[in-house]
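Scroll down for the structure; my scribbles are underneath it.
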Amino acid sequence: MMDTLNGLKRTAYCAEFNMDNVGEEITVFGFVQRQRDLGNLIFIDLRDRTGIIQLSFNDKTDREIFAKAQSVRSEYVVAAVGTVAERESKNKEIPTGDIEVMVTDFRILSKAQTPPFEIEKIDTVGDETTLKYRYLGLRSEKLTKNILMRHKIAKIARDYFYDNDFIEIETPMMIKSTPEGARDYVVPSRIHGGKFYALPQSPQIYKQLTMIAGFDRYVQLARCFRDEDLRADRQPEFTQIDLEMSFVDCDDLMDMAEGFIRVLMKETIGVEIGEKLPRMTFEDAMNLYGSDKPDTRFDMLIQDVSEWADKTDFVVFKGAIADGGAVKAIVAKGAAQHYTRKKIDKLTEHAKGIGAKGLAYVRWADEAPNCSFAKFLKDGELEALLAQLGAEQGDVVFIVSDKARKALTIMGALRLIVAKELDIIPEGKWNYLWITEMPFFELDEDTGEYVAAHHPFTMPMDDSIQYLDTDKSKVKAQAFDLVLNGTELSSGSMRITDCELQTKMFELLGMSQEEIDAKFGFLVDAYHYAAPPHGGMGIGLDRLAMLICGADSLRDVVAFPKVQNASELMSGAPSYIDDVQLEELSIAVTKDEDNE
């Protein structure tokens with residue numbers, strides 16, 4: 001039989017005690033991190049969610065209690081009562097390293113098997129094991145701190161938006177399937193056989209309806225679901241700090257978000273953020289950084305050398321330009337010693353892996369630069385290129401030619417690869433950035449057709465509406481993104497509130513009137529009863545927590561994450577359901593024997 005609490009109450013958490021508590025009798029609970037038996041002395045490191053405190057047992061300790069201390073192993077759950085004392089051998093590595101607890105009562109509340117890995121050494125264990133035993137991994141100091149930080153971010157968000165008169169409104173988790181850019185997760189209905197709910201990709205339509213309902217300012221820490229391929233900064237289910245405001249414009253929305261960011265950064269990690277976050281247009285971001293979520297912590301900007309390239313005899317460059325493309329370059333300052341020919345070959349393979357046809361370069365290590373396409377250049381052309389780019393001895397120039405947008409995207413990805421390889425991305429910088437003047441449509445280069453770049457409720461800029469029927473490339477959206485250190489944290493926009501314009505936007509997206517009525521009829525109907533001008537945004541709580549915690553992956557800030565194939569290793573989800581349930585849902589399933 002295990003011991004019981006029998007009336008014991010925690011005095012405080014382990015890491016909350018210090019030298020001011022010396023002489024006090026306290027009660028602490030937690031997990032055994034480590035037990036050290038030195039014969040007539042036993043020390044136990046007791047861990048709870050705040051940290052560690054040392055329990056001490058000696059030859060003056062009651063023999064029964066001493067024997068219990070001898071018997072404990074890692075991860076046992078215990079309770080201890082004792083007096084706080086100053087330690088003789090202090091540990092400066094932990095906040096409680098000046099003190100220990102001289103134990104007078106000790107209870108084993110639950111015994112543990114030998115864990116499949118040492119909690120303290122979780123970083124040395126493979127993901128498959130740590131995720132299978134996620135409840136053990138969450139006991140580690142790193143993951144515990146991350147989850148606590150996530151909690152703090154959520155609390156700060158609620159406090160900030162409550163203080164600014166936002167109303168928290170819960171929106172449904174089972175909704176009608178409406179196109180929002182990703183695949184829906186669907187839920188079969190038992191009562192309505194053959195029909196399905198969808199899990200929300202975002203609360204988009206419902207939060208707009210709260211504006212039509214007159215609530216003025218809405219906020220929700222909303223759970224969202226998207227059936228997409230996973231990567232380090234994506235999970236199939238995620239949380240966003242979702243907000244919507246009436247009687248505002250884009251500036252008002254961005255100002256409100258900036259206020260939150262300033263409070264958040266100061267209260268979490270003590271970083272002061274300026275009064276106004278910088279802004280950059282989408283076109284400038286793409287032309288200079290090759291990305292709509294640029295990392296501005298380092299330079300190495302993309303430069304256009306198309307005019308120079310068109311005058312050369314290099315058919316690769318000239319051919320790209322003749323096809324309406326462009327030639328783009330970056331200069332890696334002082335990188336000539338790092339980028340040997342072997343490393344450039346490896347980088348070229350990287351470039352091909354992200355869509356490049358090849359990678360031209362100039363490596364200026366010695367007095368004379370080494371150019372991969374020198375035999376196609378006339379006298380003075382290489383010197384003119386280097387002068388235009390501001391390249392000097394010791395630098396390396398990388399060049400890509402392709403369709404203009406593709407060349408920029410490839411060069412943007414290479415810019416990040418090169419910066420990481422050169423280790424020039426500074427730590428401790430928090431470069432927030434607004435991306436503005438977003439294009440309303442994107443050109444699908446495979447089909448030659450323009451497709452929507454945003455959800456269908458986004459308001460075009462007033463001076464762009466005239467181009468909806470004539471030149472979609474000129475239509476810009478009243479939309480904006482918030483970026484931090486190259487990671488997109490948020491997308492926001494003003495919304496369409498005019499019934500006729502909303503119907504037109506649906507039609508431009510290829511929807512028939514029948515489809516509009518079937519998928520969005522309830523929203524269009526609501527607009528007939530008057531809608532205030534409104535807009536909103538959703539800030540990714542998971543990504544924000546990941547960056548503030550300095551984590552490598554969303555898995556490190558989500559309590560029970562999914563893996564690459566969207567399964568959860570701990571519980572075994574997703575799983576088959578039994579035939580009775582399937583029959584109740586009017587569903588027949590063909591099982592894949594390989595996955596049985």
Side-chain angles (χ1 to χ4, degrees), residues 2-115 117-125 136-149 269-270 550:
M2 294 296 99
D3 294 329
T4 63
L5 289 176
N6 195 24
L8 288 184
K9 302 294 182 185
R10 175 189 273 134
T11 306
Y13 287 100
C14 290
E16 294 176 349
F17 298 101
N18 54 45
M19 287 292 292
D20 293 339
N21 302 108
V22 169
E24 295 178 10
E25 183 177 81
I26 66 169
T27 300
V28 287
F29 305 140
F31 296 89
V32 173
Q33 174 112 322
R34 184 168 55 140
Q35 185 246 44
R36 286 163 289 156
D37 188 344
L38 306 179
N40 63 341
L41 280 176
I42 297 174
F43 297 109
I44 291 174
D45 290 341
L46 184 69
R47 180 189 71 241
D48 64 19
R49 75 186 197 196
T50 64
I52 290 172
I53 195 167
Q54 178 171 284
L55 308 181
S56 181
F57 307 78
N58 56 33
D59 53 8
K60 296 180 181 177
T61 304
D62 180 271
R63 290 298 89 187
E64 184 179 343
I65 290 174
F66 194 90
K68 281 186 184 179
Q70 280 183 313
S71 72
V72 301
R73 298 291 180 265
S74 294
E75 303 311 312
Y76 276 32
V77 178
V78 301
V81 179
T83 303
V84 179
E86 184 174 1
R87 281 174 67 163
E88 290 184 10
S89 178
K90 297 185 178 180
N91 181 358
K92 299 301 181 185
E93 299 298 316
I94 58 174
T96 59
D98 291 339
I99 59 172
E100 62 185 357
V101 181
M102 307 302 295
V103 177
T104 56
D105 187 5
F106 185 70
R107 304 182 191 183
I108 299 173
L109 304 176
S110 184
K111 292 182 179 181
Q113 294 181 164
T114 301
F117 55 88
E118 289 186 58
I119 306 298
E120 299 162 89
K121 298 180 180 178
I122 188 172
D123 286 337
T124 66
V125 184
L136 296 179
L138 287 170
R139 295 181 187 178
S140 68
E141 180 182 17
K142 180 183 80 170
L143 292 184
T144 296
K145 284 184 175 179
N146 287 353
I147 296 299
L148 291 175
M149 177 60 81
I269 54 177

Qualifying ring-ring contact (aromatic ring centres under 6.0 Å, His included) pairs, either residue in residues 5-39, two or more places apart: none

Report yes if the side chains of [X] and [Y] come closer than 4.5 Å at any heavy-atom pair, otherwise no.
{"X": "V77", "Y": "M2", "answer": "no"}
{"X": "I99", "Y": "M19", "answer": "yes"}
{"X": "R107", "Y": "N6", "answer": "yes"}
{"X": "L143", "Y": "I122", "answer": "yes"}
{"X": "E25", "Y": "V81", "answer": "yes"}
{"X": "M149", "Y": "N146", "answer": "no"}

When rounded to the nearest 0.5 angstrom, what is the spacing between [atom1] in [X] and [atom2] in [Y]?
{"X": "L41", "Y": "R36", "atom1": "CG", "atom2": "CZ", "result": "10.0 Å"}
{"X": "E24", "Y": "T83", "atom1": "CD", "atom2": "OG1", "result": "10.0 Å"}
{"X": "Q54", "Y": "D98", "atom1": "CD", "atom2": "CG", "result": "11.5 Å"}
{"X": "Q33", "Y": "S74", "atom1": "CD", "atom2": "OG", "result": "7.5 Å"}
{"X": "I94", "Y": "E141", "atom1": "CD1", "atom2": "CD", "result": "9.5 Å"}
{"X": "Q70", "Y": "I44", "atom1": "CD", "atom2": "CD1", "result": "10.0 Å"}

List the atom of [X], the atom of [Y], and the distance in Å for their closest heavy-atom pair.
{"X": "L109", "Y": "T4", "value": "CD2-C, 4.0 Å"}
{"X": "N58", "Y": "K60", "value": "OD1-N, 2.8 Å"}
{"X": "G97", "Y": "R87", "value": "O-CD, 3.5 Å"}
{"X": "F57", "Y": "L55", "value": "CE1-CB, 3.9 Å"}
{"X": "V84", "Y": "I26", "value": "CG2-CD1, 3.7 Å"}
{"X": "T104", "Y": "I65", "value": "O-CD1, 2.8 Å"}

field: Heavy-atom neighbours of Q35 CD exceed 12 at 6.0 Å
entry: yes

message: Counting only heavy atoms not in K90 (residues, nucleotides, ligands), do more than 12 fall under 6.0 Å from its NZ?
response: yes

Judged by atom type as modelled, is there a donor-acceptor pair below 3.5 Å linking the side chain of [X] to the main-chain atoms of [Y]?
{"X": "T11", "Y": "T27", "value": "yes"}
{"X": "D37", "Y": "I42", "value": "no"}
{"X": "T96", "Y": "I52", "value": "yes"}
{"X": "R73", "Y": "Q113", "value": "no"}
{"X": "T61", "Y": "F66", "value": "no"}
{"X": "T144", "Y": "R49", "value": "no"}
{"X": "D48", "Y": "C14", "value": "yes"}

- request: Could you tell me whether E75 and R139 make a salt bridge, using a distance below 4.0 angstrom between a side-chain N and a carboxylate O?
  value: yes

